[in-house]
Amino acid sequence: QVQLVESGGGSVQAGGSLRLSCTFSGYTYSRYCMGWFRQAPGKEREGVAAIYTSAGSTYYADSVKGRFTISQDNAERTLYLQMNILKPEDSAMYYCAASRNFYCQSTPFVVNKYTYWGQGTQVTVSS
């Protein structure tokens, strides 16, 4: 059984940093695409960053490029999202996601490409 558990969310002032973690079990992380998504109240879930470890490929939404970094710790079976220079518009519930038959390819932020989801961790950025 695949399980994803996020942590690391919280409240921070604009310009600050947070690091989100997603520990996963029952999943072969290197075979398929993993990603971070976020959803703000009243908005659709959107992709933030994705990684396909086997190809060493990472993908970022334009809104976070240069500020966020996605990475994996193989030994700890953990996916990370380092978020720097946070802005109020980054406030949202952040979700870790994993696929079972998707390799990121050209559309890494399509929600229905991902099969497994965590419960989310809240990020609030104040101005």
Side-chain angles (χ1 to χ4, degrees):
Q1 182 179 357
V2 176
Q3 288 189 320
L4 307 174
V5 180
E6 303 97 333
S7 62
S11 297
V12 65
Q13 289 192 326
S17 298
L18 284 173
R19 188 176 78 159
L20 305 184
S21 300
C22 171
T23 56
F24 49 89
S25 59
Y27 183 75
T28 306
Y29 57 88
S30 64
R31 294 185 63 183
Y32 305 115
C33 193
M34 294 191 75
W36 286 97
F37 288 73
R38 66 187 181 188
Q39 188 167 19
K43 295 188 177 181
E44 292 188 354
R45 190 167 297 190
E46 63 174 357
V48 174
I51 187 168
Y52 178 35
T53 301
S54 294
S57 302
T58 56
Y59 307 83
Y60 296 95
D62 288 342
S63 59
V64 306
K65 278 181 183 176
R67 300 189 298 121
F68 290 12
T69 303
I70 188 171
S71 62
Q72 282 178 324
D73 184 317
N74 297 341
E76 297 295 326
R77 301 185 65 80
T78 303
L79 182 72
Y80 296 104
L81 184 68
Q82 177 67 45
M83 306 186 296
N84 298 327
I85 316 175
L86 283 161
K87 304 176 181 180
E89 51 264 42
D90 294 320
S91 297
M93 185 71 79
Y94 282 71
Y95 298 91
C96 172
S99 62
R100 65 179 181 183
N101 56 2
F102 178 53
Y103 305 98
C104 287
Q105 289 127 331
S106 59
T107 56
F109 301 136
V110 175
V111 172
N112 63 15
K113 295 289 189 181
Y114 294 83
T115 304
Y116 309 105
W117 294 83
Q119 82 289 351
T121 186
Q122 179 68 41
V123 171
T124 303
V125 184
S126 58
S127 57

side-chain contact (heavy atoms from CB on, under 4.5 Å) evaluation trace for Met83 with Ser17: CA-CA 5 Å; Met83 306 186 296; Ser17 298; over 6 Å; no

Worked check of ring pair (Phe, Tyr, Trp, His ring centres under 6.0 Å) between Tyr116 and Phe24: CA-CA 10 Å; Tyr116 309 105; Phe24 49 89; over 10 Å; no

Evaluation steps, side-chain hydrogen bond (donor to acceptor under 3.5 Å, both in side chains), between Asp73 and Thr78: CA-CA 5 Å; Asp73 184 317; Thr78 303; over 6 Å; no

Working for side-chain contact (heavy atoms from CB on, under 4.5 Å), residues Gln119 and Val5: CA-CA 7 Å; Gln119 82 289 351; Val5 180; 4.3 Å; yes

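Closest heavy-atom contact between Thr121 and Gly9: OG1-N, 3.1 Å. Residues Ala92 and Ala40 approach most closely at CB-N, 3.9 Å, considering heavy atoms. For the pair Arg67 and Asp90, the tightest heavy-atom approach, listed with the atom from each and the gap, is NH1-OD2, 2.7 Å. The two residues Ala61 and Gly47 make their nearest non-hydrogen contact at CB-O, 3.5 Å. Here the closest heavy-atom approach between residue Tyr60 and residue Ile70 is recorded as OH-N, 2.9 Å. For the pair Gly118 and Tyr95, the tightest heavy-atom approach, listed with the atom from each and the gap, is O-CD2, 3.6 Å.
Between Tyr103 and Tyr52, the gap from one ring centroid to the other is short of 6.0 Å.
Remark: side-chain polar atoms of Thr124 are not paired, donor with acceptor, to backbone N or O of Ser11 under 3.5 angstrom. For the pair Glu6 (side chain) and Gly120 (backbone), a donor-acceptor distance under 3.5 Å is present.
Relative to the ring axis of Tyr80, Arg19 places its NZ or CZ within 45° and under 6.0 Å from the centre. A cation-pi geometry, defined here as NZ or CZ lying under 6.0 Å from the six-membered ring centre and within 45° of its normal, does not hold between Arg100 and Tyr32.
Using a cut-off of 4.0 Å between Lys/Arg side-chain N and Asp/Glu carboxylate O, Asp62 and Lys65 are scored as salt-bridged.
Using bins of under 30°, 30° to 60° and over 60° for the plane-to-plane angle, the ring pair Tyr94/Phe68 lands in the tilted bin.
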